Protein chains: 2
Amino acid sequence: MTVPSVSRRDRKKAATRQAIADAALRLFLERGYDQVSIRDIADAADVSTATVFKHFSGKEALVFDQDEDRESQLIAAVRQRRSDQSILDALRQHVLDTWPSIEAHPQAAEFTNLVNSTPVLRAYSERMWTRYTDSLSAVIADEFGVGHDNLACVALARFVLEIPVLARGRQDRRAAIEAIFDILTHGWEPPGKPPAP
Amino acid sequence: MTVPSVSRRDRKKAATRQAIADAALRLFLERGYDQVSIRDIADAADVSTATVFKHFSGKEALVFDQDEDRESQLIAAVRQRRSDQSILDALRQHVLDTWPSIEAHPQAAEFTNLVNSTPVLRAYSERMWTRYTDSLSAVIADEFGVGHDNLACVALARFVLEIPVLARGRQDRRAAIEAIFDILTHGWEPPGKPPAP
DNA sequence: GTAGAAAAGTGCAACGACTCTACTTAGCGA
DNA sequence: TCGCTAAGTAGAGTCGTTGCACTTTTCTAC
């Protein structure tokens with residue numbers, strides 16, 4: 001996984017990609033997303049602008065590098081769950097095990113701030129998850145032997161994939177995840193008032 | 001509401017806006033979204049491209065004209081509900097009363113097809129609703145006297161606003177809406193198998 | 001009515017994201 | 001060593017979008 005095919009060519013290709021991603025993140029954090037052009041990034045990474053688009057599908061994708069195979073992990077969590085575990089519990093456990101550690105890297109605070117303060121990046125980060133709705137709902141439906149467009153399955157998949165957005169910026173992300181799964185499991189309950197002053 | 005302030009100026013302004021929207025929809029349905037440029041639309045409506053952007057915030061907004069004051073209707077549905085009605089029920093009723101009739105206009109099928117087959121329009125239509133998450137969750141939280149960032153309130157608002165996306169393209173939209181509210185009310189239940197062949 | 005403010009619309013230049021095409025370069029495999 | 005292929009480049013071009021200076025239309029107040 002770290003070394004898929006160690007040819008000199010692939011190493012150079014990966015290095016170029018990394019140089020672009022690094023330059024982009026650095027400049028974005030320094031100046032803000034909208035104040036950095038593709039040309040700036042290309043110059044900083046010492047490549048042409050065309051090369052940037054060879055490696056990344058667009059400007060937003062430069063911000064969200066390494067988000068690979070989260071989709072396949074989700075699918076696997078459902079399909080390879082313990083036989084006595086419900087799908088909802090399997091998802092809850094997978095989400096608790098996996099998602100809080102994401103964004104646990106250096107500069108996490110600045111990074112989160114960058115995304116939250118840039119509308120186009122907020123929108124992109126939300127779509128990042130919900131685009132898996134179809135594949136997650138498909139595997140859930142398969143487990144129950146119903147059609148892929150089964151509404152309950154689609155809704156569950158969608159609601160689970162909304163969790164990262166809802167839990168973002170919470171002080172206790174794990175508690176937030178648990179609370180949302182409780183809604184999905186037992187239904188929505190009116191919130192209790194916070195302790196009086 | 002149909003005639004907010006009948007001055008000649010306002011009438012002409014509304015007329016040009018309508019001319020632009022009509023030209024845009026016609027061209028989009030004829031050729032497809034990506035095959036129509038702003039210039040094409042401006043020419044067809046006999047205005048300059050600058051005028052197009054005076055009336056619409058961007059190209060995507062040309063597709064989704066008349067989506068006004070759905071936000072305020074949502075707020076009102078929660079705040080002005082009957083005193084014996086829960087918030088969840090008030091939302092359910094409002095959604096059932098209001099949303100199925102949307103898209104009940106001519107060319108609905110072609111329009112839906114246009115949106116679903118154009119990724120950027122799909123994304124836009126999903127954001128159209130979820131952008132109200134903050135204001136809807138705020139009013140819900142107010143009704144319970146808790147903070148605006150209360151997780152249960154934010155999650156409920158978000159999930160309700162996902163309903164249009166989930167119910168889109170269903171044969172029986174009302175049943176779909178009911179089913180999703182049932183999940184939110186009583187928790188998620190595994191789907192039953194369809195009748196055997 | 002008429003003057004002048006206010007707003008709608010125009011034409012044009014510019015910027016940035018992204019694409020395309022033709023070309024060079026560098027690594028690979030025989 | 002000889003191509004073949006993939007990575008990278010340069011540059012022109014398209015398109016969405018904005019800003020600016022300007023004209024035209026309509027409203028308002030005298």
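What you see is a predicted model; the values in this text were computed from it and never measured.
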S.K.: Under 4.0 Å from OP1 or OP2 of D/dG8: is there any side-chain N or O of A/T51 that close?
M.R.: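 Checking D/dG8 against A/T51, no side-chain N or O comes under 4.0 Å of OP1 or OP2.
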
S.K.: Take atom CD of B/Q35 and atom P of D/dG16, then tell me their distance rounded to the nearest Å.
M.R.: 11 Å

S.K.: Can you tell me how far P of D/dG16 sits from CG of B/D43, to the nearest Å?
M.R.: 12 Å

S.K.: Does D/dT17 have OP1 or OP2 sitting under 4.0 Å from an N or O in the side chain of B/K59?
M.R.: no

S.K.: Students often get this wrong, so: under 4.0 angstrom with heavy atoms, is B/D34 touching a base, only sugar-phosphate, or nothing?
M.R.: nothing

S.K.: What's the CZ-P distance between A/R8 and C/dG29, to the nearest Å?
M.R.: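 Interatomic distance, CZ of A/R8 to P of C/dG29: 12 Å.
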
S.K.: Roughly how many Å is it from CG in B/D10 to P in C/dA6, rounded to a whole number?
M.R.: 16 Å

S.K.: Picking from C/dA17, C/dG27, D/dT17, which would you name as closest to the side chain of A/F53?
M.R.: C/dA17

S.K.: Nearest-Å distance, CZ (A/F56) to P (C/dA17)?
M.R.: 15 Å

S.K.: Identify whether any heavy atom of A/V36 sits under 4.0 Å from a base atom; if not, whether one sits that close to sugar-phosphate; answer base, sugar-phosphate or nothing.
M.R.: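 The residue A/V36 makes sugar-phosphate contact but no base contact.
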
S.K.: Below 4.0 angstrom from OP1 or OP2 of D/dT26, is there any side-chain N or O of B/K12?
M.R.: yes

S.K.: Check for a donor-acceptor pair, side chain of B/S117 on one end and backbone N or O of B/N113 on the other, with a separation under 3.5 Å.
M.R.: yes

S.K.: Judged by each residue's nearest nucleotide on DNA chain C, which is more toward the 5′ side, A/K54 or B/T49?
M.R.: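 Residue closer to the 5' terminus by nearest nucleotide: B/T49.
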
S.K.: Can you check the A/D46 CG to D/dA7 P distance for me, whole Å?
M.R.: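 Whole-Å distance recorded here is 19 Å.
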
S.K.: Taking the basic N atoms (NZ, or NE/NH1/NH2) and the acidic carboxylate oxygens, is any pair closer than 4.0 Å for A/E71 and A/R131?
M.R.: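 No.
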
S.K.: Is A/R9 side chain donor-acceptor paired with the D/dT5 base, going by distance under 3.5 Å alone?
M.R.: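 Checked by distance alone, the answer is yes.
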
S.K.: Please give, in whole Å, the distance from C/dA17 P to A/L121 CG?
M.R.: 12 Å

S.K.: Respond yes when some side-chain nitrogen or oxygen of A/H55 is under 4.0 Å from OP1 or OP2 of D/dA7, and no when none is.
M.R.: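 No, outside the criterion.
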
S.K.: Should B/R17 and B/D65 count as an ion pair when the cut-off is N to O under 4.0 Å?
M.R.: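 Salt bridge: yes.
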
S.K.: Is there a side-chain contact between A/S7 and the phosphate of C/dC28, meaning an N or O under 4.0 Å from OP1 or OP2?
M.R.: yes

S.K.: Rounded to the Å, how far apart are A/I38 CD1 and D/dA10 P?
M.R.: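 In whole Å, D/dA10 P lies 16 Å from A/I38 CD1.
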
S.K.: Kindly say whether B/D134 contributes a backbone atom to a donor-acceptor pair with the side chain of B/S137 at under 3.5 angstrom?
M.R.: yes

S.K.: Under 4.0 Å from OP1 or OP2 of C/dG9: is there any side-chain N or O of B/T16 that close?
M.R.: yes

S.K.: Is B/R127 salt-bridged to A/E126, going by a charged N under 4.0 Å from an acidic O?
M.R.: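 No salt bridge links B/R127 with A/E126.
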
